[in-house]
Q: 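What follows is a structure written as structure tokens; I'll ask about it next.
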There are 2 protein chains.
Amino acid sequence: MPAAATRDQIVAAADRLFYHHGYEHTSFADIAGAVGLSRGNFYYHFKSKDAILDAVIDARLADTRRVLEQWEAEAPTPAGRIMRYVEIVLTNRADIQDYGCPVGTLTTELAKLEHSMLGQAGRLFALFRAWLREQFALLGPADQADELAMHVLAFSQGVAVMANAFHDEAFIRREVDRMRDWLSTYEK
Amino acid sequence: MPAAATRDQIVAAADRLFYHHGYEHTSFADIAGAVGLSRGNFYYHFKSKDAILDAVIDARLADTRRVLEQWEAEAPTPAGRIMRYVEIVLTNRADIQDYGCPVGTLTTELAKLEHSMLGQAGRLFALFRAWLREQFALLGPADQADELAMHVLAFSQGVAVMANAFHDEAFIRREVDRMRDWLSTYEK
DNA sequence: GACCTCGTAGGACGACTGTCCTAGAGCGCC
DNA sequence: GGCGCTCTAGGACAGTCGTCCTACGAGGTC
């Protein structure tokens with residue numbers, strides 16, 4: 001198999017395992033087993049575990065940009081786009097109840113490990129933040145846009161942590177409804 | 001030194017290390033170094049690492065009960081008591097920015113490890129949830145009390161994750177103010 | 001002084017970690 | 001057929017992990 005395809009498989013498997021079991025708890029052997037390669041062979045594709053994490057974050061950044069573009073194409077109004085973001089906690093409720101938010105849990109873990117890639121992971125949050133800020137700037141006063149973006153991010157993280165802790169789907173729905181009501185007060 | 005005192009020291013050190021660096025990332029050697037004991041000696045006090053975690057959670061449960069009682073003694077109104085909870089993200093802002101919420105991050109980590117002690121850690125959340133529910137039941141309709149308790153818990157977790165990711169104290173203050181305004185609409 | 005219990009130090013144990021090296025299989029190109 | 005490149009398997013390596021055992025020193029009791 002060409003190296004690029006194998007590399008993509010490794011990144012995809014590592015992405016899933018990092019999300020499900022955490023970065024530190026995922027070993028080379030785990031990733032190797034998931035891809036079907038020998039452990040020692042990894043050095044040919046990635047020179048370290050950190051390099052895999054870097055590639056996973058890059059892949060997530062690319063995926064996120066693609067999703068944001070899609071939301072912009074599908075939802076005509078800023079409020080509709082923001083609701084797309086809010087509703088991911090509902091769309092991905094099964095995964096979130098099992099594993100939490102992929103961005104939030106990774107950032108939290110890397111912060112505790114004092115890991116050098118923490119800044120890279122922070123770019124995922126920053127990407128959502130900037131996009132939400134843009135949408136809110138179209139909705140109302142520009143000097144509040146960033147605060148409101150942070151508020152929506154905090155909403156999603158709070159819901160994710162609680163949904164993961166209590167496995168309560170009705171709770172997720174209620175919080176999304178609450179957010180929808182709140183957002184409608186800002187709608188032009 | 002008597003065994004009980006050493007045991008307390010181990011639990012206190014483990015509590016701090018689990019919070020700062022995570023459960024899995026904290027080794028016996030780390031705790032031993034913090035307490036000033038030899039690694040092998042731990043088996044005399046705890047038969048496994050899980051047993052230490054169990055003791056840490058028990059200690060946190062006891063601490064939490066004590067704090068909740070204190071809040072009840074100090075704040076005369078239910079709304080005032082709820083605000084005591086809301087304001088812990090401000091009171092503990094330094095730690096939260098560095099390490100997140102002790103309860104939320106532990107629960108998130110144990111969920112990813114599929115750790116048998118996850119249920120024990122969940123009791124910490126349940127304790128806050130039940131206490132907040134009681135306060136809300138005094139404030140308004142009893143059938144909404146649990147939903148509102150969950151909403152306040154989600155608030156604190158969202159703020160903690162974001163504060164940890166962005167190290168933004170002004171954000172914490174804004175969110176607490178927002179929560180105060182929201183809570184005042186429920187006040188009798 | 002002899003004894004016993006409590007608490008401790010130090011190290012052995014097997015398993016596992018991330019890293020790194022080496023040999024070789026497979027395949028296209030001259 | 002022979003060469004060279006790409007990709008892989010397998011294992012060595014030093015280190016750390018949680019666990020567990022044994023020997024011993026301190027302190028109180030008979």
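The structure presented is a predicted model; accordingly, all values stated were derived computationally and were not measured.
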Q: Could you check how far NE2 of A:His45 sits from P of C:dC20, rounded to whole Å?
A: 16 Å
Q: Looking only at non-hydrogen atoms, find the nearest pair between B:Ile96 and B:Tyr19 and report the distance.
A: N-OH, 3.9 Å
Q: Can you check whether A:Ser38 has a side-chain N or O nearer than 4.0 Å to OP1 or OP2 of D:dG11?
A: no
Q: Of all the heavy-atom pairs spanning A:Phe46 and A:Ile10, show the shortest one and how long it is.
A: CE1-CG2, 3.6 Å
Q: Between residues 12-34 of chain B and DNA chain C, which residues have a heavy-atom gap below 4.0 Å?
A: none
Q: Does a side chain donor of either B:Ser184 or B:Asp181 reach within less than 3.5 Å of an acceptor in the other side chain?
A: no
Q: Enter the inter-axis angle for the ends of the helix from C:dG1-D:dC30 to C:dC30-D:dG1 (five pairs per end, rounded to 10°).
A: 30°
Q: Please test A:Arg173 against A:Glu169 for salt bridge (charged side-chain N to carboxylate O under 4.0 Å, His left out), starting from the C-alpha separation and ending with a verdict.
A: CA-CA 7 Å; A:Arg173 296 191 182 277; A:Glu169 182 172 329; 2.9 Å; yes
Q: With a 4.0 Å limit, can you tell me whether A:Tyr43 has a side-chain N or O closer than that to the phosphate oxygens OP1/OP2 of C:dT19?
A: no
Q: Which whole-number value in Å describes the distance from B:Arg7 CZ to C:dT8 C1'?
A: 17 Å
Q: Rounded to the Å, how far apart are A:Arg39 CZ and C:dC16 C1'?
A: 9 Å
Q: Among the nucleotides D:dT19, C:dT19, C:dT8, which one has an atom lying closest to any side-chain atom of B:Ser48?
A: D:dT19
Q: Mind telling me whether A:Trp182 and A:His151 have parallel, tilted or perpendicular rings, with 30° and 60° as the class edges?
A: tilted
Q: Separation of A:Asn41 atom CG from C:dT19 atom C1', in whole Å?
A: 14 Å
Q: Taking all heavy atoms of B:Arg60 and all of B:Phe18, pick out the closest pair and write down the distance.
A: NH2-CB, 4.4 Å
Q: Rounded to whole Å, how long is the line connecting atom OH of A:Tyr44 with atom P of C:dG24?
A: 19 Å
Q: Write down the distance between NZ (A:Lys47) and P (C:dC21), rounded to a whole number of angstrom.
A: 14 Å
Q: Between B:Glu69 and B:Arg66, is there a salt bridge with N-O shorter than 4.0 Å?
A: no
Q: Does either side chain, that of A:His115 or that of A:Asp50, offer a donor lying less than 3.5 Å from an acceptor on the other one?
A: yes
Q: Roughly how many Å is it from CZ in B:Phe42 to P in C:dA12, rounded to a whole number?
A: 20 Å
Q: Nearest whole Å is fine: how far is C:dT17 C1' from A:Ile52 CD1?
A: 14 Å
Q: Do A:Thr107 and B:Val161 touch side chain to side chain, with heavy atoms closer than 4.5 Å?
A: no
